[in-house]
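Count residues from 1 along the sequence.
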Amino acid sequence: MISANDLSPAELAALLHFHADAGVEWLLEEEAIDRFAEFEAMKAARRPAAQAQQQRPAAGERPAPGQSPARPNTAARPASAERAASGPQPAIPDGEAVQQARFVAETARSLVELKTAIETFNGCNLKHSARSTIFASGDAESGIMVIGSAPSAEDDREGMPFSGKSGQLFDKMLAAIGLTRSAILLTQVIPWRPPGNRAPSAAEMDICRPFIERQIALAEPKAILLLGNFSARFFFGENDTIHGLRGRWKEIAAGDCVIPAIASLHPQDLLTAPVNKRLAWNDLLAFQAKLKSLSLLRN
């Protein structure tokens with residue numbers, strides 16, 4: 001294992017860039033999690049059901065005369081086992097979940113209905129480990145939309161996108177081009193925080209895609225700013241890093257809408273590598289110019 005003390009500043013910066021491009025944003029969870037206790041609770045929760053299955057007579061078999069029907073063991077269980085037993089059940093198969101997500105998204109006729117549909121949707125495993133469901137906030141009539149990647153630990157805790165230090169920097173970025181949160185529609189590609197801030201799986205992306213595309217279709221923005229490597233890849237369908245995807249206007253489709261979009265670095269990227277702020281500033285100026293040309297921002 002290489003110690004950070006053995007690396008030069010340039011080597012350490014290159015390593016941080018590599019981790020950022022790979023999707024690593026945090027090295028540790030905000031709160032300690034005892035995985036061993038979780039596993040033991042799961043086993044304890046399954047044990048009564050297994051015992052009941054073993055004691056239940058086989059199909060067509062009747063209890064012997066004078067023998068009572070077998071009953072499951074109802075002995076008291078530890079509180080941890082009770083919590084595990086009452087927890088969320090495994091998600092439905094991915095293919096079926098994608099179909100259900102498309103159906104509930106397409107039937108939503110407003111952002112309010114879509115928010116309710118997402119909050120009651122149980123077909124994505126990410127929801128079962130997240131505290132909050134993060135949905136679009138701000139001015140849906142502004143014509144301006146900013147889309148981040150996935151909720152961070154702070155977002156999940158606060159229940160709103162771009163929270164914590166990353167959110168503070170994001171507010172400064174908006175203010176630099178004459179915008180505020182309340183003056184735009186702000187959302188994220190994935191509505192639930194992936195455990196440990198890992199990258200969402202391909203199946204999870206497929207399940208969540210109808211929801212973000214429906215948000216765009218209902219809001220009908222005139223221009224979109226994508227923040228972060230994941231959101232840029234998600235919409236542009238390319239595997240390049242954010243440094244290769246940023247700063248160029250492209251079109252993305254959602255429903256009957258085709259909207260110009262530009263990608264830039266996520267505020268968390270800029271906290272990790274402040275030297276890239278000059279690149280983000282150029283992207284913000286390009287976004288500001290587009291908004292002015294569309295009469296969405298005063299000169």
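Using a 4.5 Å cut-off between side-chain heavy atoms of Ile, Leu, Val, Met, Phe, Trp and Tyr, with links allowed through other members, Phe236 and Ile147 fall into the same hydrophobic cluster. The hydrophobic cluster containing Met160 does not contain Leu185, counting ILVMFWY residues as joined when their side-chain heavy atoms lie under 4.5 angstrom apart, directly or transitively. In this structure, Ile216 is not a member of the same hydrophobic cluster as Val112, with clusters built from ILVMFWY side-chain heavy atoms closer than 4.5 Å. Following chains of ILVMFWY side-chain contacts shorter than 4.5 Å, one cannot reach Ile134 starting from Val104, and the two form parts of different hydrophobic clusters.
The shortest heavy-atom contact between Pro151 and Pro194 is O-CD, 4.2 Å. The shortest non-hydrogen separation linking Pro161 to Phe135 is CD-O, 4.5 Å. The two atoms that bring Phe230 and Ser149 nearest to each other are CB-OG, 3.7 Å, heavy atoms only. Residues Ser129 and Pro195 approach most closely at OG-CG, 3.4 Å, considering heavy atoms. Taking every heavy atom of both residues into account, Ala223 and Phe287 meet most closely at CB-CE1, 4.1 Å. Nearest heavy atoms, Ile262 versus Asp283: CD1-O, 4.3 Å.
Contact check for Leu111 versus Lys115: no side-chain heavy atoms found under the 4.5 Å cut-off. Side-chain contact between Ser152 and Ser163 is absent, with no heavy atoms from C-beta onward closer than 4.5 Å. Considering only heavy atoms from C-beta on, Asp94 stays 4.5 Å or farther from Asp206 through its side chain. A 4.5 Å side-chain heavy-atom check between Phe235 and Ile224 finds every atom pair outside the cut-off. Looking only at side-chain heavy atoms (C-beta outward), Leu284 and Leu225 come within less than 4.5 Å of each other. Within the 4.5 Å cutoff, the side chain of Leu265 has heavy atoms near those of the His243 side chain. Counting heavy atoms from C-beta outward, Leu179 and Leu291 have side chains that approach closer than 4.5 Å. Looking only at side-chain heavy atoms (C-beta outward), Met205 and Arg209 stay at 4.5 Å or farther from each other.
The environment of NZ in Lys222 is sparse: at most 12 heavy-atom neighbours from other residues, nucleotides or ligands sit within 6.0 Å.
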task = Please step through side chain to side chain contact (heavy atoms under 4.5 Å, CB included) for the pair Gln188 and Asp155, ending with a clear verdict.
result = CA-CA 11 Å; Gln188 292 177 318; Asp155 299 343; 3.3 Å; yes
Inset, instruction - Test His266 against Asn229 for side chain to side chain contact (heavy atoms under 4.5 Å, CB included), laying out the working first. - result: CA-CA 8 Å; His266 193 281; Asn229 195 63; over 6 Å; no
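Judged purely by atom type and a 3.5 angstrom limit, Lys127 uses its side chain to pair as donor or acceptor with the backbone of Glu119. Although no hydrogens or angles enter the test, the distance criterion places no donor-acceptor pair under 3.5 Å between the side chain of Glu204 and the main chain of Pro200. Asn276 places no side-chain N or O within 3.5 Å of a backbone atom of Leu270 that could act as its donor or acceptor partner. Side-chain atoms of Asp156 come within 3.5 Å of backbone N or O of Ser132 as a donor-acceptor pair.
Rounding to the nearest 0.5 Å gives a distance of 15.5 Å between NZ of Lys250 and CD1 of Ile259. Going from atom NZ of Lys290 over to atom CG of Leu296 covers 10.5 Å, rounded to the nearest 0.5 Å. If you take CZ on Phe211 and SG on Cys124, they are separated by 8.5 Å, rounding to the nearest 0.5 Å. One finds the OG1 atom of Thr120 at 7.5 Å from the CG atom of Asn122 (value rounded to the nearest 0.5 Å). Considering OG of Ser264 and CG of Leu285, their distance stands at 10.5 Å, rounded to 0.5 Å. Here the straight-line distance linking atom CD1 of Ile252 with atom CG of Leu226 works out to 5.5 Å at 0.5 Å rounding.
Side-chain atoms of Asn197 and Arg193 form a donor-acceptor pair, as typed in the model, at a separation below 3.5 Å.
Ring pair Phe121/Trp192 is parallel by interplanar angle, where below 30° counts as parallel and above 60° as perpendicular.
The residue from Asp171, Thr272, Leu227 that alone fulfils the side-chain contact (heavy atoms from CB on, under 4.5 Å) condition with Pro267 is Leu227.
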